[in-house]
Every structure is written in C-alpha cells, then in structure tokens.
J.: 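Quick one: this structure, given as structure tokens, is what I'll be asking you about.
In what follows, every heavy atom counts, from backbone to side chain, and hydrogens, waters and symmetry copies are set aside. Proteins come first, then strands; the chains are lettered A, B, ... in the order of their sequence lines, and each starts at number 1.
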There are 2 protein chains.
Amino acid sequence: MSSDTSDGLRERKRAAARATIERAAVELALEHGYDHVTVDMICEAGMVSQRTFFNYFGSKEGVILGQTPPLPTEEAADRFVNKPGSNVLGDFVAMIAGSVVGTEPDPQLFRARRMLIQRTPELFTKELARLGEMEDHFSRMVLARFHAAGRTSIAVPDLEDEARMVIALATGVMHHTLRKWFETDDPAEPQQLLGASIDLIRRITGDGPSTGTSE
Amino acid sequence: MSSDTSDGLRERKRAAARATIERAAVELALEHGYDHVTVDMICEAGMVSQRTFFNYFGSKEGVILGQTPPLPTEEAADRFVNKPGSNVLGDFVAMIAGSVVGTEPDPQLFRARRMLIQRTPELFTKELARLGEMEDHFSRMVLARFHAAGRTSIAVPDLEDEARMVIALATGVMHHTLRKWFETDDPAEPQQLLGASIDLIRRITGDGPSTGTSE
DNA sequence: GCACGAGTTTGCAGTCACTGCATTCTTATA
DNA sequence: TATAAGAATGCAGTGACTGCAAACTCGTGC
C-alpha cells in the first residue's frame, strides 16, 4: 500500500528522526570538535533520549561515520572478476571508489562528514577499520578474478596470500587516496584522483609509466 | 651511582612495577579475553591503584600494546636513504621489520602480546593506528631517499605524493605481513615472511617474478 | 641520622560512553 | 476500537578515564 518512498508512518518518522539526529550531530561536531561534543548534547539537539540515540546508531562514532558503505553492486563485482583491466590494484580501487561515492544522498552532509573524519584521527582510524572488516569478502573477490583468469591454487600455491596482499595494498592506496580526496576543498572528481594514484603505484612498483599491461 | 642497569631505587621500583602490571594484564587477557578483563582486575593483580595504572599506561590498550615501537636507528635510516636496493617498498618494509623485532626483551611476553593483538580486532586496529602516526616521519625519509637518488620536486612535481604513496603501500604490506607473522605459531624468522611478501608485491604490481630491478 | 623537597602513589569525586531492563507510548491491524 | 507489535524513554549500573589534593617514599645536603 501507499507510494514507494514511504511505506507507513512509522518508517517515515524513523527516517526523519535519524536524519535530524545525524544533522545535529555533524553540525555540533563541526562547531565544537568531535570530542568536545557529548552524546547528551546530540540527543538534546536531536530531540531524542540518549537511549534512543544508541538504539539508532550504536555508538557516538556511528552517527558521524554514517551507515557502512555498501558493498559493490553485483554488476560491478562481476565486471571486476570477469573483465580485468591491466592492473588488479587499479581495477579494485576503482571499483571500491565507485561503490563509495554517491552513498549519501545529501552532498552537503556528505562533505561535512568527510571533513570531520579527516580532521579527527580517531574517526579516521575507525573509518579505515570499517573498510578493513570487509577484507575477507574482498580477498575472495580477488581470488575469483584470479581463478577466472585461469590461475589455480594448485599451480600457484600461495594464490590466496597473493589475493590478500592485493587487498592489503589496495587498503593502503585507498588510505592515500581518501586523504587526498578529503584534502581538496572542492568536490573534485574522484576519478581524477584515482587516476593519479594509480599512476603513482605504477611508478613506484616497477614498470615505467608507459609499459602498460602487467598482472 | 651503582651499576649500569639500575640507577636508583626509584627507577628500579618503577621498572619492576611496570613489568608486574604488564605481565598481569597480558596473562589476564590471555585467559579471559581482552574485553572481559577490567582495569580493576589488572590493578588488583598488579598490586597498584587504578590511578597509578593510568599514570603508567594511559589506557587499557596501552598495557597490552606495550611501548610504541622505536623508530629505526639512525644507521638503519641512513642505509635506507643512501644505499637503496632494487625496491623502495621492500627496503622500507625491511627497515621497519628490523626496528620492530627485538623490541621486547622477554620473548615470552612478546609472543603473548602478538597473540592478543591478533585475536582482538580492537587491538589490531589500534596497533595499526600507532604505526600510522609515524607516517609523516616516514614519508620524509622516503623523500630523502628520492632526493639522494637525484630526483627533485621540481622535476617530479608530485614527488611528495609519491613518497606518501610508498608509505601507504608499505602500511598495507606490513598489515599483511604482520598478520601472517602472528598466524604462524612458531617464532619463524620474520626475514623469510618478508621475502615472501616482497615476492608477492613484485608479482602483483608488474614486472614478472624474474625481472628483478625496478624503482 | 635527619630533615626537607622532589617525585610518586593513592583515594575520591566526577564525566562520559554505553548496556540491560522494565515501563510507557504509538502505530498498525483485526 | 481493542489489542498486539514496535518504538521511545527512564533509570540504574558498569567501566574507562581525568583532575585534584592528600599521603607517602626516595634522594640529598647537612
């Protein structure tokens, strides 16, 4: 029953409350600094009880970090596995970037979050940790790509290690790219940053900028 | 006055207390799991007040993680900068490994710490964060190496980015290598693991396993 | 020996994040 | 409209951590 954007008053209210609290929290943190804001302050500004706050977000960080970035779409994953480019790392990072960008509907809020995360070491750490949690999943994807390319764990005994290493490296790259991204003040195209990052990787890890195909 | 290992009763007492508390903490955490151990429990076992505990270690994690790993010796740093091997990443990771290993005088305790860190995501995260804090310092080292090799920021405008990217990648590698290291149950030579890691990097990032020299 | 001062340990009160549980609304539905 | 499913809230409690002031201990000069 009812339209698509809202089924039920309940849902709508929940969403509204959530949004109100998030905005309040981000605004407060932007003004006073994350660790000078107490959960109680957020609750007052968001007009909910502390208990409700924790029901919604689970932790103080949770409200700033926002919901955990969604996994790449099946389609993107499939492309990564079956249509490999010249460079695992590049492809992987590009895929992740694609799934991270555009998560938050409100660009204003999105930027505010990024800003806070960048300037608050504690938050930056947590954000990285969150990415880290998906490591297992990702390394399985890389492994799938390897298999699709005909490489087997029998021919290459440490293929699993190699997959995990790809993820480890990619994490590093994302670390770097995220930092760069947060640094720029205008919403420059992430694509460009990514391109630069991948260039750097090539330069650092061997084949000259022109050599091209590897893996 | 007195011998070299101990100047003053005060110092000695401090060291003893510190050791007692650390051992107690690690033992308790090993037995009950890090987050089921309270600071009060540690204090009781370590025979100090809670206040003293925090004076010593600053936080609950602090007592498990141990003192922050020392920076590489000047000598090691100099070698890294002025006697470059074939691979920045490899050299860097090797240098770090050298400065991390052998920090803790008591191998028993050392292993226990590693074990705890590995099995406690929270601690693992913090450990990585601690490494991350030294990023600035390290990227300056890499930059120095670049300069020593005759590369200037004028000829290569994003040389600083490149240095930071090296660190980012290295962080990833260390992440991977640490994990592998913690996994093995016998105190296998880190050198070997490192070698394997560096092999993987080569394989992933371009030039085939045999090509050799790069950078 | 001893007194005095710097350096330490401790108790205590308080803040803040976070949790479990019982109670009180609200919304959906029969 | 009664009633159940679903939230929101209050409250009491735990556990990490901090500031402050009082008590204590070691090192020194006498």
J.: Check for me whether B:Arg164 meets the cation-pi criterion with B:Phe138, that is, NZ or CZ under 6.0 Å from the six-membered ring centre and within 45 degrees of the ring axis.
T.: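 Relative to the ring axis of B:Phe138, which defines the angle, B:Arg164 lies outside at least one limit.
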
J.: Output yes when a side-chain donor or acceptor of B:Tyr56 lies under 3.5 Å from a complementary backbone atom of B:Glu22, and no otherwise.
T.: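 Between the backbone of B:Glu22 and the side chain of B:Tyr56 there is no qualifying donor-acceptor contact (under 3.5 Å).
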
J.: Without decimals, in angstroms, what is the distance between B:Gln50 CD and D:dC17 C1'?
T.: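 B:Gln50 atom CD is separated from D:dC17 atom C1' by 7 Å.
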
J.: Using whole Å, what does the distance between atom P of nucleotide D:dT9 and atom CG of A:Asp40 come to?
T.: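 So the CG-P distance, A:Asp40 to D:dT9, works out to 13 Å.
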
J.: Roughly how many Å is it from CG in B:Asp35 to C1' in D:dT14, rounded to a whole number?
T.: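 For the pair B:Asp35 CG and D:dT14 C1', the rounded distance is 14 Å.
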
J.: So A:Leu71 and A:His137, do their side chains get closer than 4.5 Å, heavy atoms only?
T.: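 Yes, close enough: below the 4.5 Å cut-off.
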
J.: Compare every heavy atom of B:Ser153 with every heavy atom of B:His147, then report the nearest pair and how far apart it is.
T.: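 For B:His147 and B:Ser153, the tightest heavy-atom pair comes out as NE2-OG, 3.7 Å.
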
J.: Between the main-chain N or O of A:Asp136 and the side-chain N or O of A:Ser139, is there a donor-acceptor pair closer than 3.5 Å?
T.: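 Side chain of A:Ser139 to backbone of A:Asp136, a donor-acceptor pair under 3.5 Å: yes, one is there.
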
J.: If you take any heavy atom closer than 4.0 Å to DNA chain D, which residues from residues 122-129 of chain A end up in contact?
T.: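 Correct list: empty, so none.
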
J.: Answer yes or no: does a side-chain N or O of A:Lys13 lie under 4.0 Å from OP1 or OP2 of C:dT27?
T.: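 Checking A:Lys13 against C:dT27: at least one side-chain N or O falls below 4.0 Å of OP1 or OP2.
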
J.: Rounded to the Å, how far apart are B:Phe54 CZ and C:dA13 P?
T.: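 Those two atoms, CZ and P, are 18 Å apart.
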
J.: Taking only N/O atoms, report every protein-nucleotides 5-9 of chain C pair under 3.5 Å with atom names and distance.
T.:
residue: C:dT9; atom: OP1; partner: B:Tyr56; partner atom: OH; Å: 2.8
residue: C:dT9; atom: OP2; partner: B:Arg14; partner atom: NH1; Å: 3.4

J.: Which heavy atom of B:Val142 sits nearest a heavy atom of B:Ile167, and at what distance?
T.: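 Where B:Val142 meets B:Ile167 most closely, the heavy atoms are CG2-CD1, 3.6 Å.
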
J.: Provide, to the nearest angstrom, the distance between the CD atom belonging to A:Glu44 and the P atom belonging to D:dA8.
T.: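 In whole Å, D:dA8 P and A:Glu44 CD are 19 Å from each other.
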
J.: Is the NZ or CZ atom of B:Lys60 both under 6.0 Å from the centre of the six-membered ring of B:Phe54 and within 45° of that ring's axis?
T.: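 No; the conditions do not both hold, so B:Lys60 does not lie above the ring face of B:Phe54.
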
J.: For the pair made of CG in A:Leu28 and P in C:dC16, what is the distance, rounded to whole Å?
T.: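 Rounded to the whole Å, the gap is 14 Å.
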
J.: Measure from NE2 on A:His32 to P on C:dC16 and round the result to the nearest Å.
T.: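 Going from A:His32 (NE2) to C:dC16 (P), I get 14 Å.
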
J.: How do A:Val37 and A:Arg51 order along DNA chain C: which one's closest nucleotide is nearer the 5' end?
T.: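 Closer to the 5' end of DNA chain C: A:Val37.
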
J.: Consider the side chain of B:Lys60, meaning its heavy atoms from C-beta on, and name the nucleotide among D:dC17, D:dG27, C:dA17 that approaches it most closely.
T.: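 The listed nucleotide nearest to B:Lys60's side chain is D:dC17.
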
J.: Rounded to the Å, how far apart are A:Leu9 CG and C:dC25 C1'?
T.: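 Atom CG in A:Leu9 sits about 14 Å away from atom C1' in C:dC25.
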
J.: Just jot down the ring-ring contact (aromatic ring centres under 6.0 Å, His included) partners of B:His175, sequence neighbours excluded, or say none.
T.: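 Once residues adjacent in sequence are excluded, the partners of B:His175 under the ring-ring contact (aromatic ring centres under 6.0 Å, His included) criterion are B:Phe124.
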
J.: When you measure from the centre of the six-membered ring of A:Phe146, is the NZ or CZ of A:Arg151 under 6.0 Å away and within 45° of the axis?
T.: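 Judged by the rule (NZ or CZ under 6.0 Å from the ring centre, within 45° of its axis), A:Arg151 counts as positioned above A:Phe146.
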
